[in-house]
Amino acid sequence: MRDGDVNFQLLADSIPQLAWMAQPDGWIFWYNKRWYDYTGTTLADMEGWGWRRVHHPDHVERVVARVQRSWETGEPWEDTFPIKGRDGTWRWFLSRALPVRNDEGAVIRWFGTNTDITEIRDAEKRQQLLLDELNHRVKNTLAAVQSLARQSARGAKDVDSFMDKFDSRLIALSRAHSLLARDVWQGASLMEVVSESLAPFIEGEPSRVEISGRQIRLGPTAAVSFGMALHELITNATKYGALSAPEGRVKIHWSLDLEGGSQPTLEFVWEESGGPKVADAGHRGFGSRLIEDGMARELDGDVALTLEESGAVCRMRLPLSRKVMIA
Amino acid sequence: MAIDGAKPRVLLVEDEALVAMLIEDQLIELGFEVVGPAATAGQAIALCEDEHLDGAVLDINLGGGQRSDPVAEWLTRQGIPFVFVTGYGQAGVDGRFGHAAVLQKPFTLPELRKVTWEHFG
């Protein structure tokens with residue numbers, strides 16, 4: 001073998017693409033090693049038009065028609081299609097061929113490559129899914145803000161008191177979204193949702209709130225609902241409940257009940273103690289409606305909000321699901 | 001159609017608690033009696049089977065990969081009219097329900113009034 005041939009063979013076999021050469025009429029007479037390694041074929045299988053056998057039936061007709069046009073016109077060829085690997089799986093390739101011409105300008109051969117773009121395509125698909133999901137989330141979030149405005153307007157005695165309520169709920173919603181954004185909108189951990197929702201209310205005296213529980217992951221909507229529910233609970237505790245008195249405490253704890261019913265269940269408890277005796281407001285506000293009705297339904301569980309001697313208690317029993325998961 | 005001049009009964013399916021509260025209030029304000037809201041297709045179908053319905057308002061995507069399509073199918077079989085509310089717009093509607101009315105979130109009370117009264121008021 002001449003040096004030039006050896007060098008060419010080395011080059012052809014070391015590039016990351018599949019490569020091939022064809023006569024001016026498109027008859028393929030050579031492939032690089034990577035082609036054979038990927039497709040698990042031999043030159044005898046693939047020579048001429050044999051390559052059609054590793055093409056996908058949904059694409060092969062179009063591919064043949066377009067490459068045939070290039071053979072006839074001498075125009076560079078480009079197409080994207082799946083090629084079957086030796087293990088039977090399909091990967092996507094961006095394929096190009098350029099004519100090599102002699103001094104008179106006549107095509108003397110074609111040089112072609114197939115570049116594996118499967119991972120790029122997958123990444124593009126993931127990005128599109130994420131964008132669709134984000135668009136959806138934006139619209140739903142606007143509807144949630146509309147809901148907060150409507151709920152805050154109810155029973156507000158004037159514009160100022162409406163704005164106070166609305167602002168603080170909007171900030172709570174925003175805080176829940178910050179957690180989601182941190183995890184590319186896939187969800188958040190219950191521990192993070194609890195500690196971040198309460199943090200602004202217990203600054204300076206964190207010891208008044210005790211938080212404990214195992215690692216639980218919340219889906220995006222469950223994280224938002226938990227964040228909003230906790231905001232209502234802590235607001236009430238600060239204004240009227242345990243945290244309105246110097247000795248008051250809040251204990252938040254959760255655990256898994258793996259034995260009880262047929263389905264593993266998260267048991268989440270909010271317990272206030274040491275606060276002033278709280279009288280039942282007699283009407284159901286936004287908080288109790290969100291917690292007792294909304295969360296119970298959304299997470300398909302049982303939720304009870306009660307005023308006991310010792311203070312407000314909220315108990316939730318939420319079956320594990322794609323919205324409430326073991327981390 | 002409602003019986004004996006009673007309020008028309010509308011099933012509401014919406015998984016996000018905050019949004020469900022909003023639409024529930026809006027439907028009540030428009031003179032409907034709300035059945036639900038249900039947050040899952042299972043909850044919704046259980047309600048459907050027990051209650052008389054004049055119509056339904058369905059969120060399409062119920063979170064965790066669940067959709068309200070089984071509810072729409074059930075309602076179609078029963079001949080009960082429904083409208084979709086969604087953040088996705090027309091693109092999110094399953095082909096089987098291509099001619100159902102779609103209201104894009106967020107929407108105003110008059111928009112909801114128009115679409116609900118057109119279909120089951």
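Just so it is clear: chains get the letters A, B, ... in the order the sequence lines come, proteins before strands, and each one is counted from 1. Everything numeric here is computed off the predicted structure, so don't read it as measured data. Below, each value reflects all heavy atoms present in this structure, side chains not excepted, and no hydrogens, waters or symmetry copies.
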Exercise for the section: Take atom CD of A:E119 as the centre, draw a 6.0 Å sphere, and report whether it contains more than 12 heavy atoms from other residues, nucleotides or ligands. Expected result: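 No, the 6.0 Å shell around CD holds no more than 12 heavy atoms from other groups.
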Problem - Exceeds 12 heavy-atom contacts within 6.0 angstrom, atom CZ of B:F107 - result: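 Yes, because the 6.0 Å sphere around CZ of B:F107 holds more than 12 heavy atoms from other groups.
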Over all atoms of both residues, closest heavy-atom pair of [X] and [Y]:
X: A:L142; Y: B:P106; result: CB-CG, 3.7 Å
X: A:A144; Y: B:V19; result: N-CG2, 4.0 Å
X: A:M295; Y: B:A17; result: N-CB, 4.4 Å

Practice task
Please step through side chain to side chain contact (heavy atoms under 4.5 Å, CB included) for the pair A:R289 and B:E24, ending with a clear verdict.
Solution key: CA-CA 12 Å; A:R289 200 176 152 206; B:E24 183 181 17; 2.9 Å; yes
Practice task
Go through the steps for A:R150 and B:M21 under the test side chain to side chain contact (heavy atoms under 4.5 Å, CB included), then give the verdict.
Solution key: CA-CA 10 Å; A:R150 207 173 169 68; B:M21 285 166 79; over 6 Å; no
Exercise for the section: Name the region of A:L148, side chain, backbone, both or neither, that has any atom closer than 4.5 Å to a heavy atom of chain B. Expected result: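 The side chain, not the backbone.
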Practice task
Run the salt-bridge test on A:R297 and B:E14 with the 4.0 Å N-O cut-off and return the result as yes or no.
Solution key: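 Judged by the 4.0 Å cut-off on N to carboxylate O distance, A:R297 and B:E14 do not form a salt bridge.
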[atom1]/[X] to [atom2]/[Y] distance, rounded to the nearest 0.5 angstrom?
X: B:E16; Y: A:E298; atom1: CD; atom2: CD; answer: 6.5 Å
X: B:D25; Y: A:S147; atom1: CG; atom2: OG; answer: 7.0 Å
X: A:N140; Y: B:D59; atom1: CG; atom2: CG; answer: 6.0 Å

Problem - Top of A:R154, A:K139, A:K323 for chain B proximity - count of heavy-atom pairs under 4.5 angstrom - result: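 With the most close heavy-atom pairs to chain B, the winner is A:K139.
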Problem - Residues in residues 221-235 of chain A that sit under 4.5 Å from chain B, counting heavy atoms only - result: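 Within residues 221-235 of chain A, near chain B: A:T221, A:S225, A:M228.
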